[in-house]
Amino acid sequence: MIDNIIPIAIVVGIGLLAGIILTIASKLMAVEVNEAVNKVHEALPGVNCGACGFSGCEDYAKNIIDDKTVKTNLCTPGGSEVAMKISNILGIDFQAVIGMQAIVKCSGTLGNTSYVMEYEGLQSCAANKLFYRGRGACHNACLGYGDCTDVCEFDAIKVVDNVAHVDKSKCVGCGVCVAKCPQHIIKIIPASQKLYVRCSSTDSGGITKKACKAGCIACKICEKACPVGAIMVKNNYARFDLEKCIGCQKCMEVCPVGVIHLV
Amino acid sequence: MKEILIILMSVIIVDNFVLSKFLGICPFLGVSKKLNAAVGMSLAVTFVMIIATAVTYPIYKFLLVQYNLEYLQTIVFILVIASLVQLVEIILKKYVPILQRSLGIYLPLITTNCAVLGVTLLNIKDEYTYIQSLVNSLGAGLGFLLAMVLFSGIRQRIEHNNIPLSFKGVPSILIAASIVALSFMGFGGVIEGLFI
């Protein structure tokens, strides 16, 4: 009988001792977790996309609480609704989220441009980019393997006819695809922007024209047509000055290659 | 001194815990995707191995042997290691929050890591002294680190290659792991020769 009690007593004793030590330790060394941080974290959508500029939702929540200068409307996926919730938790004035969305600045569908190589390696834009300058005739062209599709948390970007397209209704403007694209042709723009140039080619007009029917050839016709001087050709492709643009669409009408599109 | 060096080197290279004893395979396959995570996990394992040995060895020698209860070692060691890891986590959270954040997710994983339990049990089976046990645990941890770092490099190479569909993912990783283990067998007998 006594032979059985000792082993049981030892195991129970060690277990009890460990339990007591752990309890005391957790009481003595309890770290205060800020209630507000948890509340803000819960209010955030929790996709950890990094659109706010912090490394994930938890980090953003912590920074909102710790640093009063951090704004509550940085979460573009959550939109104004989340900004409202956070502002309520903190008891400060609410500012609407400036909606952002991604656009792909390339019109290089197979009808407009062509491929210069038969690539059969790893089916990803990043890998293809390593071969010379990618498979497209234009070295700024969308490579069309959909690296952006793979990283999108919201299923908002799809490759259609070999060019990535953004679904406006789904895109929240987090910018994950912008960082992923090896061609740097995806840009984040404010949702208020009306027009954009669907091309990123920095080659001169002649070279662009040979590579792609729909590329911006830097002819400057749009520049002359614009009544408010909101469009400027710089570094061989046209770009908008958002503050001046009134959305009259005159540039769109005169563009000989039809590269200016409504957002 | 020579003996300690032999123990250290042989447990790192020849008797590598992951690659020749096949302990701790779960984190070896699970956490070796990224180099940073692999190093973090290995350092946490090394740390826990050393303190687990430091605590379980006296318990075995002065408690279990005393009452002829050697057969209880497995269950007692599991109990001790599990609560020890919890305690370490609490202490780190309070005093070294940065370390806790980087090791954070790995510490609970280590509670059930067979490599940690394995090293404490093998120390006793091999009849090491206290110092030798500690050195053996350090070596086991470093061996784990070596295996993890090597394998995370190999995995990154695999990922950037075009693998036949049926081998994608786990199959190719398991094959790679077996080849790495095979190459480590080449070290057999090297250590004894080094220190003659």
Side-chain angles (χ1 to χ4, degrees), chain A residues 1-34 37-38 41 48 54-63 66 118-131 135 145 147 150-151 180 182, chain B residues 36 51-52 55-102 104-105 107-108 111 120 156-165 167-168 172:
Chain A
M1 185 62 193
I2 194 85
D3 289 345
N4 294 336
I5 287 174
I6 291 174
I8 294 171
I10 284 180
V11 175
V12 169
I14 291 175
L16 213 60
L17 194 70
I20 291 170
I21 292 174
L22 278 184
T23 315
I24 293 172
S26 65
K27 278 274 179 299
L28 277 183
M29 301 189 216
V31 182
E32 274 183 44
V33 180
N34 199 329
V37 173
N38 281 344
H41 189 198
N48 291 320
F54 298 97
S55 59
C57 293
E58 196 177 347
D59 200 35
Y60 181 41
K62 204 173 271 174
N63 274 288
D66 292 346
E118 296 229 348
Y119 175 74
E120 290 190 348
L122 191 64
Q123 301 290 302
S124 95
C125 305
N128 183 233
K129 174 79 175 164
L130 294 176
F131 284 94
R135 63 173 172 174
Y145 289 110
D147 282 15
D150 297 341
V151 293
K180 186 76 182 176
Chain B
N36 289 352
I51 54 166
V55 173
T56 51
Y57 192 87
I59 287 179
Y60 180 80
K61 278 277 133 92
F62 299 114
L63 200 66
L64 299 185
V65 174
Q66 216 78 25
Y67 295 99
N68 294 323
L69 297 174
E70 286 88 347
Y71 62 88
L72 274 182
Q73 58 174 338
T74 308
I75 192 163
V76 168
F77 283 9
I78 290 173
L79 192 62
V80 170
I81 292 168
S83 38
L84 204 59
V85 174
Q86 293 298 314
L87 187 66
V88 168
E89 200 180 358
I90 292 171
I91 293 172
L92 285 184
K93 209 175 202 170
K94 175 79 178 174
Y95 295 107
V96 206
I98 299 168
L99 191 64
Q100 198 264 339
R101 221 170 295 146
S102 54
I105 36 170
L107 277 173
T111 319
T120 54
Q156 276 165 21
R157 291 289 287 259
I158 294 175
E159 237 162 64
H160 288 182
N161 270 302
N162 214 356
I163 305 167
L165 193 64
F167 282 101
K168 252 187 189 142
S172 62

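Below, chain A is the first sequence line, B the second, and so on; all start at residue 1.
- Both the backbone and the side chain of B/I91 come within less than 4.5 Å of a heavy atom of chain A.
- Here the shortest heavy-atom pairing between B/I90 and A/A25 reads CG2-O, 3.7 Å.
- Looking at heavy atoms from C-beta onward, A/I10 lies in side-chain contact with B/L64 at the 4.5 angstrom threshold.
- For chain A, the nearby part of B/L72 is the side chain; its heavy atoms alone come within less than 4.5 Å.
- Looking at B/I59, only its side chain comes within 4.5 Å of chain A, counting heavy atoms on both sides.
- Residue A/L22 touches chain B through both its backbone and its side chain, counting heavy-atom pairs closer than 4.5 Å.
- Here the rule is side-chain contact (heavy atoms from CB on, under 4.5 Å) with A/P7, and of B/L69, B/I75, B/N68, B/V76 only B/L69 fits it.
- For residues 119-131 of chain A, heavy-atom neighbours of chain B at less than 4.5 Å comprise A/E120, A/G121, A/L122, sorted by residue number.
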